[in-house]
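One-based numbering along the sequence shown.
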Amino acid sequence: MRDIDLTFDSAGQRFAGTLTLPEGDGPFPAALLLPGSGPVDRDSDHRRLPLKVTRELAEALAAAGIATYRYDKRGVGASTGVFLATGFLEGMTDAAAALAALRSRPEIDPSRVAVAGHSEGALIAANLAATAEPIAEPAPESAPESAGEPGGSEEGAGTAARPVVAAVVLLSPSAKPGAETLRWQAERLAPSMPAPVRWLLRLTRTDLVTKVLKNHERIRRTTTDVARIGGVRINARWTREFLDHDPAADLKGIHAPVLAVTGEKDLQVDPADLARVAELVPGPVETHLIPDLDHILRRQPGPPSLRAYRREAREPVDAQVKGLVTGWLAERLSPDAHP
């Protein structure tokens with residue numbers, strides 16, 4: 001495989017990323033890779049927790065003959081802007097610009113481009129698939145002209161539409177409104193906290209879920225991009241927009257094939273949301289609930305806990321996850337699937 005530096009512009013900012021091409025001559029099928037939340041770079045790496053999710057997916061997909069593009073978030077790595085002031089919805093705008101940049105490359109077949117997102121990236125991938133404008137193209141010669149027919153229009157005569165996004169991969173996706181997802185997180189995280197923290201919460205008679213919900217209400221009352229909550233500066237704009245975001249509308253608008261994968265031991269999104277994804281998406285859906293898999297796509301034996309992330313991040317992304325994604329995308333993006 002070979003890597004090419006590729007930049008694009010979005011809302012006055014310049015984004016830097018890596019276009020990874022497989023061996024051979026194009027044009028290649030491709031996937032836009034979208035990482036999880038937080039100030040992470042094109043490889044899904046945070047300075048304190050390098051997850052390598054998008055980098056490892058890029059390597060696996062290149063071996064399967066599929067090109068990929070991944071980029072540094074706004075204000076992270078080589079991309080301009082201020083991450084702490086970036087809204088959740090701005091992330092969707094930036095991803096749409098990245099998708100356009102990928103599809104415009106001469107090495108890429110624009111009719112065979114997928115989006116694949118992890119965690120927050122899964123929400124953005126669903127939005128891209130649902131909102132990208134279909135491409136008008138000539139209808140088959142045997143198709144009847146619609147002009148003059150009941151319900152037909154002269155503008156749509158002799159044309160058909162195909163989606164910009166040919167396939168969608170959702171890794172650790174949520175399917176409930178952001179506020180419900182964060183409440184679910186708080187309910188699951190309390191029992192997994194270290195014993196001294198649980199003891200302190202009991203001593204101070206602090207209910208973690210109640211505390212989290214009160215903080216959410218404080219954040220909803222803010223009007224600035226950045227606010228100080230509990231003495232910590234947070235991205236208040238992102239949080240307000242995430243709390244109000246309901247992915248159901250986007251999931252209902254996806255007509256491309258969808259692969260959704262969640263770990264049985266995910267503490268950050270409800271594994272039961274897989275069933276909701278299958279229920280909401282009108283197109284074909286394939287779901288997988290993987291035993292012992294956690295939110296960062298590693299296997300976690302024993303009781304689920306966030307404390308294991310730092311150790312697990314030193315291990316590769318789960319081989320079953322990479323195999324599912326590469327095999328599924330190779331089939332959906334094959335020339336036979338997109339004549």
Visitor: By side-chain contact (heavy atoms from CB on, under 4.5 Å), which residues pair with Ala96, not counting sequence neighbours?
Guide: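 Partners of Ala96 by the side-chain contact (heavy atoms from CB on, under 4.5 Å) criterion, ordered by chain and then number, come out as Leu128.
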Visitor: Could you tell me if Ser119 and Ser172 have a donor-acceptor pair between their side chains, going purely by distance under 3.5 Å?
Guide: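 The answer is no; no qualifying pair exists.
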Visitor: Can you sort out the partners of Glu331 under side-chain contact (heavy atoms from CB on, under 4.5 Å), two or more places apart, ordered by chain and number?
Guide: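 So Glu331 forms no side-chain contact (heavy atoms from CB on, under 4.5 Å) with any residue.
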Visitor: Could you check whether any side-chain N or O of Tyr71 sits under 3.5 Å from a backbone N or O of Phe8, counting only pairs where one atom can act as donor and the other as acceptor?
Guide: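 Flag not set: sc Tyr71 to bb Phe8 has no pair under 3.5 Å.
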Visitor: Rounded to the nearest 0.5 Å, how far apart are CD of Glu90 and CG of Asp225?
Guide: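 Going from CD on Glu90 over to CG on Asp225, the span is 7.5 Å.
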Visitor: Would you give the length of the straight line joining atom CG of Leu259 to atom CG of Leu171, rounded to the nearest 0.5 angstrom?
Guide: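 Nearest 0.5 Å value for the CG-CG distance: 7.0 Å.
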Visitor: Can you list every pair that meets ring-ring contact (aromatic ring centres under 6.0 Å, His included) and has a residue in residues 83-126, with sequence neighbours left out?
Guide: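 Matches after skipping sequence neighbours: Phe88-Trp238, Phe88-Phe242, Phe88-His245, His118-His295.
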Visitor: Ignoring hydrogens and angles, tell me if any N or O in the side chain of Asp273 forms a donor-acceptor pair with the backbone of Ala175 under 3.5 Å.
Guide: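 Checked: pair present.
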Visitor: Restricting to pairs with a member in residues 274-286, which pass salt bridge (charged side-chain N to carboxylate O under 4.0 Å, His left out), not counting sequence neighbours?
Guide: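 Pairs touching residues 274-286 that pass the test: Glu286-Arg332.
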Visitor: Using a 4.5 Å cut-off on heavy atoms from C-beta on, say whether the side chain of Leu51 contacts that of Leu49.
Guide: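 Side chain of Leu49 against side chain of Leu51, heavy atoms only: contact under 4.5 Å found.
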Visitor: Once rounded to the nearest 0.5 Å, what's the spacing between atom CD1 of Ile229 and atom OG1 of Thr239?
Guide: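 These two atoms lie 9.0 Å from each other.
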Visitor: Using atom types as modelled and distance alone, determine if a side-chain donor or acceptor of Asp294 lies under 3.5 Å from a backbone N or O of Gly263.
Guide: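 Side chain of Asp294 to backbone of Gly263, a donor-acceptor pair under 3.5 Å: no, none is there.
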Visitor: Are Lys73 and Glu120 close enough for a salt bridge, meaning some N to O gap below 4.0 Å?
Guide: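 Looking at Lys73 and Glu120, the cut-off is met.
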Visitor: Do Leu89 and Thr93 touch side chain to side chain, with heavy atoms closer than 4.5 Å?
Guide: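 Heavy-atom side-chain distance check fails, nothing below 4.5 Å.
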Visitor: Yes or no on side chain to side chain contact (heavy atoms under 4.5 Å, CB included) for Val277 and Leu251, after CA distance, side-chain angles and deciding distance?
Guide: CA-CA 7 Å; Val277 170; Leu251 292 169; 4.3 Å; yes
Visitor: When you measure from the side chain of Thr287 to the backbone of Ala260, do you find a donor-acceptor pair of N or O atoms at a distance under 3.5 Å?
Guide: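 Absent.
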Visitor: Rounded to the nearest 0.5 Å, how far does CG of Leu297 lie from CD of Glu315?
Guide: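 Atom-to-atom, Glu315:CD and Leu297:CG are 14.0 Å apart.
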Visitor: For the side chain of Thr262 and the backbone of Leu289, is there at least one donor-acceptor N/O pair under 3.5 Å apart?
Guide: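 Judged by distance alone, no pair lies under 3.5 Å.
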Visitor: Can you run down the salt bridge (charged side-chain N to carboxylate O under 4.0 Å, His left out) pairs that involve residues 45-57, sequence neighbours left out, and say none if there aren't any?
Guide: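 The answer is Glu56-Lys322.
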Visitor: Give a yes or no answer on whether the side chain of Gln300 reaches the backbone of Ser305 with a donor-acceptor pair at less than 3.5 Å.
Guide: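 Checked: pair present.
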Visitor: If you group Ile, Leu, Val, Met, Phe, Trp and Tyr whenever their side-chain heavy atoms sit less than 4.5 Å apart, what else falls in with Val269?
Guide: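 Cluster partners of Val269: none, it stands alone.
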Visitor: Do Leu182 and Leu243 pass the side chain to side chain contact (heavy atoms under 4.5 Å, CB included) test, and can you show the C-alpha distance, the side-chain angles, and the key distance before you say yes or no?
Guide: CA-CA 8 Å; Leu182 293 182; Leu243 287 169; 3.7 Å; yes
Visitor: Evaluate the side-chain proximity of Val261 to Ile290: yes if any heavy-atom separation is below 4.5 Å, no if none is.
Guide: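 Side-chain contact under 4.5 Å: yes.
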Visitor: What pairs of residues pass the salt bridge (charged side-chain N to carboxylate O under 4.0 Å, His left out) test when at least one of them lies in residues 259-269, not counting sequence neighbours?
Guide: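 Output for this query lists Lys265-Asp292.
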Visitor: Quick check: do Glu107 and Ile4 have side-chain heavy atoms less than 4.5 Å from each other?
Guide: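 When only atoms from C-beta onward are counted, Ile4 and Glu107 do touch, with a gap below 4.5 Å.
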Visitor: Of the non-hydrogen atoms in Ala166 and Ser111, which two are nearest, and what is the gap between them?
Guide: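 Nearest pair, atom of Ala166 first, then Ser111: CB-O, 3.9 Å.
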Visitor: Would you please name every residue forming a side-chain contact (heavy atoms from CB on, under 4.5 Å) with Glu180, sequence neighbours left out?
Guide: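 With sequence neighbours excluded, Glu180 shows a side-chain contact (heavy atoms from CB on, under 4.5 Å) to Lys176, Pro177, given in chain and number order.
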Visitor: State which residue, out of Val165, Leu99, Val164, fulfils the side-chain contact (heavy atoms from CB on, under 4.5 Å) condition with Val113.
Guide: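 Running side-chain contact (heavy atoms from CB on, under 4.5 Å) over Val165, Leu99, Val164 with Val113 returns exactly one hit, Leu99.
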Visitor: Do Leu306 and Ile296 share a hydrophobic cluster, counting only Ile, Leu, Val, Met, Phe, Trp and Tyr and linking them when any side-chain heavy atoms are less than 4.5 Å apart?
Guide: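 Yes, Leu306 and Ile296 fall within the same hydrophobic cluster.
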Visitor: Per the side chain to side chain donor-acceptor pair (under 3.5 Å) rule, what does the pair list look like for residues 24-43, sequence neighbours excluded?
Guide: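 Sorted pair list: Thr18-Arg42, Arg42-Asp72, Asp43-Arg70.
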Visitor: State which residues pass side-chain contact (heavy atoms from CB on, under 4.5 Å) with Gln13; sequence neighbours excluded, sorted by chain then number.
Guide: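 In terms of side-chain contact (heavy atoms from CB on, under 4.5 Å), with neighbours along the sequence ignored, Gln13 is linked to Phe15, Arg74, Thr80.
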Visitor: Who are the salt bridge (Lys or Arg N to Asp or Glu O under 4.0 Å) partners of Arg299, not counting sequence neighbours?
Guide: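 Only Asp318 meet the salt bridge (Lys or Arg N to Asp or Glu O under 4.0 Å) criterion with Arg299.
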Visitor: Which atom names give the shortest non-hydrogen contact between Val317 and Val53, and what distance separates them?
Guide: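 Residues Val317 and Val53, closest heavy atoms: CG2-CA, 3.9 Å.
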Visitor: If you compare all heavy atoms of Ala236 against all heavy atoms of Ile219, which two are closest, and at what distance to 0.1 Å?
Guide: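 Heavy atoms only, the tightest pair is O-CG2, 3.9 Å.
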Visitor: Arg220: which residues meet the side-chain hydrogen bond (donor to acceptor under 3.5 Å, both in side chains) condition with it, sequence neighbours left out?
Guide: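 side-chain hydrogen bond (donor to acceptor under 3.5 Å, both in side chains) check on Arg220 returns Asp244.
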Visitor: Quick check: is Leu6 connected to Leu102 through a chain of hydrophobic side chains (ILVMFWY, heavy atoms under 4.5 Å apart)?
Guide: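 Yes: a chain of side-chain contacts under 4.5 Å links Leu102 to Leu6.
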Visitor: With rounding to the nearest 0.5 Å, note down the distance linking CD in Glu59 to OG1 in Thr326.
Guide: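 It is 12.5 Å, given to the nearest 0.5 Å.
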Visitor: Could you state the interatomic distance from CG (Leu33) to OG1 (Thr20), rounded to the nearest 0.5 Å?
Guide: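 Leu33 CG to Thr20 OG1: 8.0 Å, rounded to 0.5 Å.
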Visitor: If I compare all heavy atoms of Thr54 with all of Ser44, which pair ends up nearest, and what's the gap?
Guide: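 Looking at all heavy atoms of both residues, the shortest contact is OG1-OG, 2.7 Å.
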Visitor: Ile108 versus Arg103: any side-chain heavy-atom pair under 4.5 Å?
Guide: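 No, every pair of side-chain atoms sits at 4.5 Å or beyond.
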Visitor: Do Val321 and Val40 belong together in a cluster built from hydrophobic side chains that touch within less than 4.5 Å?
Guide: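 No: no chain of side-chain contacts under 4.5 Å links Val321 to Val40.
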Visitor: Kindly give the heavy-atom pair with the smallest separation between Phe28 and Ala67, and that separation in Å.
Guide: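 That would be CB-CB, 4.2 Å.
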Visitor: Consider only side-chain heavy atoms of I, L, V, M, F, W and Y, link residues closer than 4.5 Å, and tell whether Leu324 and Leu333 are in one cluster.
Guide: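 Same hydrophobic cluster.
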Visitor: Which pair of non-hydrogen atoms, one from Ile254 and one from Val258, has the smallest distance, and what is that distance?
Guide: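 That would be CG2-CG2, 3.6 Å.
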Visitor: Leu274 and Leu280: same hydrophobic cluster, using ILVMFWY side-chain contacts below 4.5 Å?
Guide: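 In one cluster: no.
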Visitor: With a 4.0 Å cut-off on N to O distance, would you call Glu217 and Arg221 a salt bridge?
Guide: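 Salt bridge absent between Glu217 and Arg221.
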